[in-house]
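The next block holds one structure in the form of structure tokens; read it before the comments.
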Amino acid sequence: MKSRALTVSAAQLGPIPRSATKAETVARLIKLLESAASEGAQLVVFPEAALTPFFPHWFVRDRSELLTFYETRLPGPETQGLFDAASELQVAFVLGYAERTAANRFFNTAVLVDELGEVIHKYRKIHLPGFELKQEGAPFQNLEKRYFEVGDLGFGVRRWGNAEIGLAICNDRRWPETYRVMALRGAEVVCLGYNTPALTPHLPESDRLVDFQNHLSMQAGAYQNAMWVIGTAKAGTEEGVCQIGGSAIIAPSGEIVATARTMGDELVTAEIDLDMVTRYRRDVFNFSQHRRPEHYSIITDPVSL
Ligand code: ING
């Protein structure tokens, strides 16, 4: 039986300047989408906050400016061109963006848009790092807790074509629950974007390890849950904050099959074998045969046995 092959691209972005219009940024996304289509990609994964600079790195005093960073409709007038290009090229994509709902709630969101240009799945970031209050004296902020609510959609999984797709966003990739919950729900490919500073002001000892911990998190998640992970960076120095690149396509074996080599707009494309998920879940990570959650929390005094 023919294996379930799927060609995917991580569409890494370089910095998005605060002065950029959304039209200029969307033009960059369309260019990457067209290149990916020419390489045969069927699914393209853009980063977190792919329409704007990562504004949680700033204390935005002016609320009217802050509101310009959010999308109230998707597609909206500024993003329709991306959806049109995708449906013309018949390429599906994952897009990270700041969402403002009709009920005036704010989320760090990602959507899966199919090759017809339809939004078929949505995820709202659950693990919000950083702070609600401005960190005085910090070289840059992380105010996601100020600008977003915790996601209220859980870790859903959506069938697309012959693949089971899950979505995550940035800091989610550092938490094992992210991958395990979706693996237990059958996810075979987790798509995630990230904006990760090269410096961690509150834990400087980890600065030398930021790239290692980026790939470690995704490789561990992929291997320990027998799934493909596509991680796409917003890289480069964006409004004074240097962000790591390292976009990668990672196999259920834990191997990095392709990774970015620049800090700018760059496509990382690979043909992935979805049946590798089936093989690893039939053997090493056969949850029903080997996993015993009913035994994990039994506490007995080992000495008394
Ligand atoms: N950014 C960072 C991330 O999780 C961070 C924040 C960096 C947390 C390093 C801990 C260590 O990659 C976002 N946007 O979540």
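Note that the structure is predicted; figures quoted are calculated from it, not measured. Read the numbers this way: they start at 1 and go in the same order the structure lists the ligands and their atoms.
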Heavy-atom side-chain proximity of Lys22 to Thr52 below 4.5 angstrom: yes
Aromatic plane relationship, Tyr147 with Phe55 - under 30° parallel, 30 to 60° tilted, over 60° perpendicular: tilted
Stepwise ring pair (Phe, Tyr, Trp, His ring centres under 6.0 Å) check, Tyr97 with Tyr70: CA-CA 7 Å; Tyr97 68 100; Tyr70 297 89; 9.8 Å; no
Under 4.0 Å from ligand 1 - residues by heavy atom, chain and number: Glu48, Phe54, Lys125, Pro129, Glu144, Cys170, Asn171, Arg173, Arg174, Asn195, Thr196, Thr200
Row check, Phe106 ring normal vs Arg100 NZ/CZ: under 6.0 Å, within 45°: no
Check against ring pair (Phe, Tyr, Trp, His ring centres under 6.0 Å), Phe155 and Trp175: CA-CA 12 Å; Phe155 287 117; Trp175 300 88; over 10 Å; no
Salt bridge flag under 4.0 Å for residues Glu238 and Arg18: no
